[in-house]
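Notes to accompany the following structure.
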Amino acid sequence: MASTPSKIPISVLIPAKNEQANLPACLASLELADEVFLVDSQSSDRSIEIAENWGAKVVQFHFNGGWPKKKNWSLENLPFRNEWVLIVDCDERIPLELWEEMAQAIQNPNCDGYYLNRRVFFLGKWIRYGGKYPDWNLRLFRHQKGRYENLNTEDVPNTGDNEVHEHVILERPAAYLKADMIHEDFRDIYQWLERHNRYSNWEARVYYNLLTGKDDSGTIGANFFGDAVQRKRFLKTVWVRLPFKPLLRFIWFYIIKLGFLDGKAGYIYGRLLSQYEYQIGVKLFELRQFGGQLNQLSAKPTAETPTLPEIKESA
């Protein structure tokens with residue numbers, strides 16, 4: 001393979017908030033990028049200091065509670081000096097062999113984007129089984145050609161200001177790169193649980209939209225004969241209608257997809273995914289019970305539901 005240039009003409013976008021534990025390793029893996037933007041949400045830890053010490057450009061994103069969220073806002077507003085943008089989360093790293101492959105890939109005039117395969121680590125172990133690998137994500141694309149889909153979840157509270165599992169839409173089909181990116185969160189299990197508590201709000205709304213026939217125009221769509229992501233979306237339209245999903249998710253991950261081969265870490269991960277599925281189900285019940293709301297008090301009060309006294313904001 002041809003030698004990799006000192007800087008590759010790719011602009012990196014990192015969405016962040018209070019990520020001081022993950023940022024040093026992430027930024028160290030991005031030294032070959034021509035420029036790096038850290039789009040921050042008013043971090044209270046050392047995230048900004050760390051990013052600036054590594055030469056990243058820090059931009060503050062102030063969420064208005066609606067759409068667009070952080071990544072789409074960044075794609076619309078940041079002054080990228082390169083045609084290609086790479087989306088990297090703080091708990092991800094880009095190995096040298098992937099940089100070398102990307103340096104060649106962006107020379108192809110007939111492709112507007114590339115899927116990257118994530119190698120997920122949990123409790124220090126690569127979760128190779130359970131359906132977690134391969135894990136394709138469209139992360140490298142011409143920034144003027146791609147935007148994240150809107151799954152109509154922005155009215156759900158406590159999902160955060162960043163896109164969760166929305167996918168990038170491109171006009172032309174994307175290709176696949178061979179080298180893996182690394183996904184490993186250096187924070188503790190508390191952070192995993194906190195994050196997935198937010199994610200389950202988002203997932204419950206996605207389930208609710210599927211069950212109520214919400215218009216899916218403006219999304220990647222569900223297509224069994226499409227790419228890997230569209231097939232996964234199609235299977236979700238079936239999945240949301242199945243009973244006993246927490247149990248089924250554990251059986252699928254741990255037994256059918258051989259998650260037990262990942263040892264203790266695989267067992268814990270499978271149990272956590274089952275718990276996550278239960279959270280989604282409870283919140284989906286709440287949505288259906290209270291007319292699409294995740295908070296009973298935001299529904300119309302009943303005789304049994306006392307109203308809160310009016311609070312006037314001070315001038």
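What you are looking at is a predicted structure, and each value in this text was computed from that prediction instead of being measured.
- Trp192 CH2: more than 12 foreign heavy atoms inside a 6.0 Å radius.
- Inter-residue side-chain proximity for Gln230 and His167 is flagged as unmet; no heavy-atom pair is nearer than 4.5 Å.
- Cluster annotation: Val282 is not connected to Leu287 through the hydrophobic network of ILVMFWY side chains, with a link wherever side-chain heavy atoms come within less than 4.5 Å.
- The shortest distance between side-chain heavy atoms of Leu78 and Val39 falls below 4.5 Å.
- In this structure, the separation between CG on Asp112 and CZ on Arg172 is 4.0 Å, given to the nearest 0.5 Å.
- Aromatic pair Tyr133/Trp126: centroids less than 6.0 angstrom apart.
- In plain terms, the two heavy atoms of Cys90 and Cys26 that are nearest each other are O-CB, 3.3 Å.
- Cluster membership check: Ile10 shares its hydrophobic cluster with Ile14, using side-chain heavy-atom separations under 4.5 Å among Ile, Leu, Val, Met, Phe, Trp and Tyr.
- The two residues Phe80 and Ser74 have their closest heavy-atom pair at CE1-O, 3.8 Å.
- In this structure, the side chain of Gln60 engages the main chain of Gln42 through a donor-acceptor pair within 3.5 Å.
- Considering CG of Asp135 and CD1 of Ile127, their distance stands at 12.0 Å, rounded to 0.5 Å.
- At least one donor-acceptor pair under 3.5 Å links the side chain of Lys283 to the backbone N or O of Asn197.
- The CD1 atom of Ile106 sits 9.0 Å away from the CZ atom of Arg142 when rounded to the nearest 0.5 Å.
- Ring-plane geometry between Phe250 and Tyr254 is classed as parallel, the angle between the planes falling under 30 degrees on a 0 to 90 degree scale with a further cut at 60.
- Side-chain atoms of Glu35 never come within 3.5 Å of backbone atoms of Ser11 as a donor-acceptor pair (strictly under, hydrogens ignored).
- Rounding to the nearest 0.5 Å places OG of Ser200 at 4.5 Å from CD of Gln279.
- Checked by atom type, the side-chain pair Asn82/Asp34 shows a donor-acceptor distance below 3.5 Å.
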Evaluate the salt bridge (Lys or Arg N to Asp or Glu O under 4.0 Å) criterion for residues Arg139 and Asp89: first the C-alpha distance (whole Å), next the side-chain angles of each, then the deciding distance (0.1 Å), finally the verdict.
CA-CA 10 Å; Arg139 298 294 194 85; Asp89 290 336; 3.6 Å; yes

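- Checked by atom type and distance alone, the side chain of Asn201 pairs as donor or acceptor with a backbone atom of Pro157 at under 3.5 Å.
- Contact detail for Asp91 and Asp185: the closest heavy-atom pair is CB-CA, 3.8 Å.
- The two residues Ala174 and Tyr115 come nearest to each other via the heavy atoms CB-CE1, 3.8 Å.
- Hydrophobic clustering (ILVMFWY, side-chain heavy atoms < 4.5 Å, transitive): Leu248 and Ile255 are in distinct clusters.
- When atom types are taken as modelled, the side chain of Glu149 and the backbone of Glu166 share no donor-acceptor pair closer than 3.5 angstrom.
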Side chain to side chain contact (heavy atoms under 4.5 Å, CB included) between Arg241 and Trp239, worked out:
CA-CA 5 Å; Arg241 292 168 170 82; Trp239 173 259; over 6 Å; no

Test side chain to side chain contact (heavy atoms under 4.5 Å, CB included) on Arg288 and Tyr208 and set out the steps.
CA-CA 8 Å; Arg288 303 181 83 170; Tyr208 182 82; 3.9 Å; yes

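- Side-chain contact check for Ile94 versus Val88: some heavy-atom pair is nearer than 4.5 Å.
- No side-chain heavy atom of Ile220 sits under 4.5 Å from any side-chain heavy atom of Tyr148.
- With a 4.5 Å cut-off on side-chain heavy atoms, Trp84 and Ile8 do not count as touching.
- Heavy-atom minimum distance, Ser6 versus Leu32: O-CD2, 3.3 Å.
- Going from atom CG of Asp180 over to atom CD1 of Ile182 covers 6.0 Å, rounded to the nearest 0.5 Å.
- When ring centroids are compared, Tyr176 and Tyr114 stay outside the 6.0 Å threshold.
- Ring centroids of Tyr276 and Tyr199 are separated by 6.0 Å or more, keeping the two rings apart.
- Side chains of Lys17 and Ser47: a donor-acceptor N/O pair is absent below 3.5 angstrom, by distance only.
- For the pair Asp262/Lys125, a side-chain contact is recorded, criterion being any heavy-atom separation below 4.5 Å from C-beta on.
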Check step by step if salt bridge (Lys or Arg N to Asp or Glu O under 4.0 Å) holds for Lys57 and Glu52.
CA-CA 7 Å; Lys57 304 173 183 179; Glu52 290 178 339; over 6 Å; no

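- Side chains of Glu83 and Gln144: no donor on one and acceptor on the other come within 3.5 Å.
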Do Asp45 and Ile50 pass the side chain to side chain contact (heavy atoms under 4.5 Å, CB included) test, and can you show the C-alpha distance, the side-chain angles, and the key distance before you say yes or no?
CA-CA 10 Å; Asp45 65 359; Ile50 292 169; over 6 Å; no

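- Side-chain contact, Glu19 with Asn22: a donor N or O sits under 3.5 Å from an acceptor N or O.
- Ring pair Trp73/Phe61 is tilted by interplanar angle, where 30° to 60° counts as tilted.
- One finds a salt bridge joining Arg118 and Glu92 here, because a Lys/Arg side-chain nitrogen approaches an Asp/Glu carboxylate oxygen to under 4.0 Å.
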Is there a salt bridge (Lys or Arg N to Asp or Glu O under 4.0 Å) between Glu163 and Lys70 once you walk through the steps?
CA-CA 7 Å; Glu163 291 84 349; Lys70 188 182 294 183; over 6 Å; no

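- Put simply, the side chain of Asn53 gets close to the backbone of Glu49: a donor and an acceptor are under 3.5 Å apart.
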Residues Val12, Val85; criterion side chain to side chain contact (heavy atoms under 4.5 Å, CB included); working and verdict
CA-CA 6 Å; Val12 177; Val85 66; over 6 Å; no

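- In summary, Glu76 and Arg147 engage in a salt bridge, as defined by a charged side-chain N under 4.0 Å from a carboxylate O.
- Atoms CD and NE2, on Gln191 and His196 in that order, are 12.5 Å from each other to the nearest 0.5 Å.
- A heavy-atom distance below 4.5 Å is not found between the side chains of His183 and Arg119.
- For Thr159 and Lys69, the side-chain atoms include at least one donor-acceptor pair closer than 3.5 Å.
- Less than 6.0 angstrom separates the ring centroid of His165 from the ring centroid of Trp202.
- In the hydrophobic clustering of ILVMFWY residues, with side-chain heavy atoms under 4.5 Å counting as a link, Leu170 and Leu75 come out together.
- Counting only N and O atoms by type, the side chains of Ser41 and Asp161 include a donor and acceptor under 3.5 Å apart.
- Both Val206 and Leu211 belong to a single network of hydrophobic side chains, linked directly or stepwise wherever heavy atoms of I, L, V, M, F, W or Y lie under 4.5 Å apart.
- Annotation: side chain of Phe285 is in contact with side chain of Gln289 (closest heavy-atom distance under 4.5 Å).
- In plain terms, the two heavy atoms of Phe141 and Gly146 that are nearest each other are CE1-O, 3.8 Å.
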